[in-house]
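Just the heavy atoms: all of them, side chains too, but no hydrogens, waters or symmetry mates, feed the values below. What you see is a predicted model; the values in this text were computed from it and never measured.
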Amino acid sequence: MSELTAAAFGDQIAARISAEHVRISVRWLERLRGLLTVEANDVFPSEQLLDHIPALIQDVAEYVRSPEIEAVSANTSITAKARELGQLRHTQRASVHQLLAEYRLLGNILTSFVEEELERIGIAPSASEALEVVRRLNSAVWILMQTTVDTFVSEYSATMDSHAARLESFNRMVSHELRQPLGTLMYALPLLKAEADRGDMARHDHFLKVL
């Protein structure tokens, strides 16, 4: 393999990922169906999200072609897609462990795709060139995963804060509702005893009725 071809290996792989982004997305979806505890149609339940996933794969390809970290992390459109996935998995009661497993699957699929392309094209890049392409793939997946997980954790924290606020409100309500009858009991019990000691059974019976 010539030096020129070796230097262009990243571009070749990026072009192939971009060309096959739908097929790669379908492969990921099929693997996720076996991983997630939701109905198959709920893995990516909206047409919008289904459209997002191939777009994410294409942006991974762009990162392989131009590996500046801003290529993914500063792209608000792409991070919005990753955030939407985090919000979805939160509503589906997923876990951070599950999200990590999802992106690990995507990383494995992309790495396998590179291996398949090496077989198909019949080229033999240097070890450093091949490792660099895999490193770029993993970096792109990591950036997307971080955005998704950060969103998931933020949603989870907001839910916990909401639950804590509701519990505090409930405690205040219960305390208020109990304060009045308990106050009445604390006031009436000594009076009940005093009237019994004095032998005033009419007032004793009145306070007993109150209690």
Side-chain angles (χ1 to χ4, degrees), residues 13-14 17-116 133-170:
I13 292 298
I17 292 174
S18 183
E20 297 292 335
H21 68 281
V22 173
R23 186 164 66 88
I24 293 171
S25 300
V26 170
R27 190 183 298 183
W28 192 34
L29 175 60
E30 289 173 348
R31 296 286 300 277
L32 288 178
R33 284 172 175 166
L35 175 69
L36 300 175
T37 57
V38 297
E39 295 294 326
N41 291 337
D42 291 333
V43 176
F44 302 126
S46 68
E47 291 297 326
Q48 182 181 15
L49 193 54
L50 277 171
D51 291 340
H52 282 0
I53 303 309
L56 286 177
I57 303 301
Q58 283 189 306
D59 282 288
V60 169
E62 286 304 311
Y63 185 87
V64 172
R65 183 177 287 111
S66 303
E68 297 82 5
I69 193 166
E70 291 79 13
V72 176
S73 61
N75 188 322
T76 56
S77 175
I78 299 308
T79 53
K81 295 177 178 66
R83 284 195 298 272
E84 185 176 350
L85 184 57
Q87 292 166 346
L88 171 66
R89 292 296 180 255
H90 174 260
T91 62
Q92 292 174 335
R93 300 179 182 274
S95 64
V96 171
H97 175 79
Q98 184 173 296
L99 286 175
L100 297 178
E102 289 185 35
Y103 275 101
R104 185 169 63 249
L105 274 180
L106 178 59
N108 290 342
I109 288 169
L110 289 168
T111 301
S112 296
F113 181 81
V114 173
E115 294 173 347
E116 293 167 7
V133 168
V134 173
R135 185 195 67 79
R136 293 178 188 179
L137 285 173
N138 289 335
S139 294
V141 171
W142 184 87
I143 292 168
L144 294 173
M145 179 186 70
Q146 185 181 37
T147 302
T148 299
V149 170
D150 285 350
T151 302
F152 177 90
V153 171
S154 177
E155 292 287 324
Y156 180 83
S157 297
T159 299
M160 291 298 99
D161 290 344
S162 175
H163 287 173
R166 289 169 61 189
L167 181 59
E168 184 179 353
S169 176
F170 173 77

Query raised in the report: Is there a side-chain contact between Y63 and L137, using heavy atoms and a 4.5 Å cut-off?
Result: no

Query - Stepwise side chain to side chain contact (heavy atoms under 4.5 Å, CB included) test for L88 and T91 - result: CA-CA 5 Å; L88 171 66; T91 62; 4.0 Å; yes

Report summary line: Rounded to the nearest 0.5 Å, the CD1 atom of I13 sits from the CG atom of L110 at a distance of 10.5 Å

Report summary line: dist I143:CD1 -> N138:CG (nearest 0.5 Å) comes out at 11.0 Å

Query - I53 side chain near L29 side chain, heavy-atom distance below 4.5 Å - result: no

Query raised in the report: Would you say R31 has more than 12 foreign heavy atoms packed within less than 6.0 Å of its CZ?
Result: no

**Report entry** From CG (L56) to CD1 (I24), nearest 0.5 Å
**Finding:** 12.5 Å

Query raised in the report: Quick one: OG1 on T147 to CD on E84, what's the gap to the nearest 0.5 Å?
Result: 13.5 Å

Query raised in the report: Do any N or O atoms from the side chain of S18 and from the backbone of A14 form a donor-acceptor pair under 3.5 angstrom?
Result: no

Report summary line: Here the gap from R27 atom CZ to I57 atom CD1, rounded to the nearest 0.5 Å, amounts to 10.5 Å

Report task. Answer yes when E155 and R89 have at least one side-chain N-carboxylate O distance shorter than 4.0 Å, and no when they do not. Result -> no

Report task. Determine, step by step, whether Q87 and F152 satisfy the side chain to side chain contact (heavy atoms under 4.5 Å, CB included) criterion, reporting the C-alpha distance in whole Å, the side-chain angles of both residues, the deciding distance to 0.1 Å, and the verdict. Result -> CA-CA 6 Å; Q87 292 166 346; F152 177 90; over 6 Å; no

Report task. Specify whether Y103 and W28 have parallel, tilted or perpendicular ring planes, treating 30° as the upper limit for parallel and 60° as the lower limit for perpendicular. Result -> tilted

Requested in this report: Using a 4.5 Å cut-off on heavy atoms from C-beta on, say whether the side chain of R104 contacts that of N108.
Outcome: yes

**Report entry** Over all atoms of both residues, closest heavy-atom pair of S25 and P54
**Finding:** OG-CA, 3.2 Å

Report summary line: In terms of heavy-atom contacts, R136 and R65 come closest through NH1-O, 4.3 Å

Query raised in the report: Quick one: CD on Q92 to CG on L85, what's the gap to the nearest 0.5 Å?
Result: 8.5 Å

Query raised in the report: Has the side chain of T148 got a donor or acceptor atom that lies under 3.5 Å from a matching backbone atom of L144?
Result: yes

